[in-house]
Structures are given as structure tokens and as C-alpha cells.
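I have placed the structure first, in the form of C-alpha cells, so that the comments after it can refer back to it.
Just so you know, these numbers use all the heavy atoms, side chains as well, and skip hydrogens, waters and symmetry mates. Chain identifiers are assigned alphabetically (A, B, ...) following the order of the sequence lines, protein sequences preceding nucleic acid strands; residue numbering begins at 1 within each chain.
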Protein chains: 2
Amino acid sequence: MSDENWSPPPVLLAVDLVIFTLRHSQLQVLLVERGIDPYRGRAALPGGFLNNDSEDLLAAAHRELDEEADLDAARLHLEQLGTYGAADRDPRGRVVSVAYLAIAPHLPEPTAGTDAAGAAWRPVDAITSGELPLAFDHDVIIADGIERARSKLEHTPLATAFCEPTFTISDLQQVYEAVWGVDLDPRNFYRKVQKVPDFIRPVDAERRVTKGRPARLFTAGPATSLHPPIPRPGGTAEPEGQR
Amino acid sequence: MSDENWSPPPVLLAVDLVIFTLRHSQLQVLLVERGIDPYRGRAALPGGFLNNDSEDLLAAAHRELDEEADLDAARLHLEQLGTYGAADRDPRGRVVSVAYLAIAPHLPEPTAGTDAAGAAWRPVDAITSGELPLAFDHDVIIADGIERARSKLEHTPLATAFCEPTFTISDLQQVYEAVWGVDLDPRNFYRKVQKVPDFIRPVDAERRVTKGRPARLFTAGPATSLHPPIPRPGGTAEPEGQR
DNA sequence: AGAATAGTGTCTTTGAGACACTATCAC
DNA sequence: GTGATAGTGTCTCAAAGACACTATTCT
């Protein structure tokens, strides 16, 4: 409680977005190309500074989501990921960044012509492998986002956020396989997800076309957590480490 | 990337601490009494503003831990919990608070005479029940901290952070029981924790006194995650919600 | 027909929980 | 001895994974 006599520390608050989606059975993340220094020309997470006195953090994340990615913020999953405040993370000065994790269903290509021009979906593998270098500490933020998503697939209905309003069970399986990077047995997966109460709800008498037998369609159910969980084969990984 | 022309938003960055320990088989949290308005006289989390240009967030948390709680920061578990930035959470103006979760072994009473005077351990039940009102949104932060701790007991060796360097298996069980608020079967618990590789390591040929048969002593092992996990009986609860 | 995907049944193994039982201390 | 806690063995039930099998579509 040393709040009697401080001099306001010159800290800028940014909000950065880790937006994941599934494309071509790959986990991909939305990146923008930086137009100014530092890191001009580098890929970076979409984001920006907190706008004004009366904007909540979550509201700022929603705004950036709309401005930079042209995504209807109301429809997708959005949660706080962590806050990154290493003193030297931005060469311009003291910038602390609150990262948010967003999950979007497979949407149209990121739209040239809008404010989101210069944005593109990139496979996360290219980032974790170091093949695609990022600005600032954004590679770390994305790594934390991946781990968060992997972990939440086990205990929450997060996977449905990657899917359209209605989806088949193998759509859902693709989400788990892509995010976890494993192969799952379709038969066991089928029964397992059906067994979790309120996870997914059948949409009556509907079907959809692929190649083989048509599949039933489902919607996300009212569950907010999964009982029993969908366990990740390899097991849990290391905990996150925000800095 | 709208960083071309901003006016530095007047945001103050605070760091607040949720410090948990086990006392009298209860989960307790360290609170201080506010000496100034707003919320003068109310109980609040220890914390303060970010010091200067070159202080990392984690370093600030360590410093507050030392200043306000007189705890040796090097020895205990410390991790970021979340960031709370609702526009109206502090009547003085825009204050965004990064909360850290610390876990301490049962330590001496919070030390009158030091900077930590006015600090006291309180059972978390008194807070979640609304019986003990807190300043700001600190009740929400604590609730998120409880859920984080409960969840991490399942998958990580966090429980050992509540214990002394060496401990018995029933010490460990008391941690699980207090944090989860459940009763566990000592026999099954005994075998279960021993079965997790690298969770706990026996300390050779040592014992300790209580009432019945002396128990073997253990130390925390090198594991950073628990395989298999120690499942929580009731199952998972709702996810956290930082604002 | 054959390939492909959807969906069902069943077996085996593993782990969680219940609980009887033995071991070693204080009194 | 009694009471208390530590530690072991064993049984039962349920969930996880392997996998054979049936069902329905497309070409």
C-alpha cells in the first residue's frame, strides 16, 4: 500500500491479440506486417494501445479485433491470456502488453482493402520452429497461447469455438488433432464427446455432404466445463510463463 | 498496429499479490489494512505501483513480496495470475492491476514492527462468503487465485510450495484437502502421490514425530507437471474471468 | 463393386475409490 | 493394553484405447 506519494510511472499499456483459427487442418494465427520501426517489416500480433480513460481491457481487445482483423467480436471466444512487461521488450520505452486469446471459426481470407490489409494467417508451426521470426516477444506470447488452447480443450468446450455454428463430430476431431498435434481414433472420439453431458447437442434430422456417409450435425451445448474431460494423450505439458 | 499517433494514455500500473498459505488446516490469504482513501480501513491485497522504467513485472512482485509481507521472495512460488483493468475499479482514476499468485509455507505470524505491520492472514472462506468485504475488486482477484490454485494442484507439484522443505505425505494431503475443500482417503492418497514419477522424493532414513507411527519425510521432486494427475473429486469448476 | 466416412459393439488394460488389514509410535 | 497415525493388499467399478464390424453415401 505505498500509494501515498508516487510519481506516475511512464508506462504505456498495449493490448495484443493472439487469434487462432483452423485452416487446412492446421492451427493458424493471424499476423500483421509492421509498417513502422521498430521491427519494421516484421510479422507481429495485431494490437494497439489502450484508447482512453474509460475503456475496459476487454473492450479494447474487442475494438482491436474489429479494427485490425475485421472480425465480429461479438461472435467469437475471447479471453485474457497474460501480461508481458519485461522492461526491455520494446526498444521505444516502457510498454506493457496485455495479451488476449481469440478463437475464430474458419473465416474468409483476411480481406485486402480493409484496415486489416497486410494481415495474413500463418501456421503456428512456422513460428514455434523459429522459421518465421516475430517482432518483440510475440513468439513467446503465441507459445503461451498455444499451451493455453491445448489445455483448455481438455476441460472446456473451447473446441466448438473453432467450428461453425453447426458442425460434425469429425470437424470437432480435426480441431483436437490440429491443436494437440496428435491423431485420435475416430470411433473412440465419437463416443467420448457424446458422453460428456451438455458438450454438444444434436441438430435434429440434419446432415451434410462430404465423401462417405453423411454425418449428423451438432451445436455447442450449454456446458462451460467438460465432465468428464477429454484427456490429451501425451499428457499435460509445462505451465505457462508470462514475463 | 495503430502506434503512429497516440497520446500516452494516463494509466497507472499496479502489482497486487495474492499470497496463500496453510494455517490451522485452512487456506488463508495475506491482507493488509488500507491506511488511506479510497477504502480507508478496508482489508486489501498487498501491492503497489510499478516502480520505475526498468523494473520487470515479476521483479516488482518480488519487491512487494519483500516490502509488504517480509517474505523471502526467492524461496516461494510466484506466478502471474491475471490483469484487472475495468475502467471504474479505482475511483481515483485509471489503474490497471497485474495480480500475482504466491504460495508460501506456513510461516510466522505477519510480524508487527516491520513494514508488514497491519498485515494479517485471513481464511479465504471469510472472503468468498462475503463476510469480510475487501477494497476494489480484490474479492474477485482472490476468487480467481483460489480457482487457479485448485486447478494447478491437479496437474503441477504446486502443493509442495505450501509445505516446508521436507514434509510427510499427510502434510501434503492436508494441502489438497484444505485447498479443494474435500476429504480424501489417506490410503489411496498415499499410493497415488507416490505413483507420480518425480513428484516427491523420499528423504533417506528420516522421520518425524506426531502422535501415531512416525512418517517418512519427502522433498519436492524435479517434476514440473504431474503424470498422471491428481484428479479433483468434484471435477473442474468454471474457468477464470479476468476483467 | 470399391473407396471413403459415419456410427456401434466389445474386449482388455488401467486407474480410482472402498476398505480390510498390518506396523509403529504415545499414553 | 487403547488409540492414533503410517503404510500395504486387494476387490470392484468405470473409463481409455484397440479394433472388428455394420451403415450409408459417392464414383
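Within the nucleic acid shown, A:R191 comes within 4.0 Å of at least one base atom, counting heavy atoms only. Residue contacts for A:S170: at a heavy-atom cut-off of 4.0 Å it reaches the sugar-phosphate backbone alone, with no base atom in range.
The aromatic ring centres of A:F167 and A:F218 sit 6.0 Å or more apart.
In this entry the distance linking NZ of B:K192 with P of C:dA18 reads 10 Å, nearest Å. For the pair A:K195 NZ and D:dG17 C1', the computed distance is 11 Å after rounding to whole Å. In this structure, B:N188 atom CG and C:dA20 atom C1' are separated by 12 Å, rounded to whole Å. Rounded to whole Å, atom C1' of C:dA20 lies 18 Å from atom OH of B:Y190. Rounded to whole angstrom, the span from the CZ atom of A:R213 across to the C1' atom of C:dA6 amounts to 5 Å. Computed from coordinates, the B:I169 CD1 to C:dA23 P distance equals 19 Å when rounded to whole Å. Whole-Å rounding puts the A:D183 CG to D:dG17 C1' distance at 14 Å.
Atom CG in B:D139 sits 9.0 Å away from atom CD1 in B:I127 (nearest 0.5 Å).
Between B:R232 and B:E147, at least one side-chain N (NZ, or NE/NH1/NH2) sits under 4.0 Å from a carboxylate O, which counts as a salt bridge.
In terms of position on DNA chain D, the residue among A:G212 and A:R187 whose nearest nucleotide sits closer to the 5' end is A:R187.
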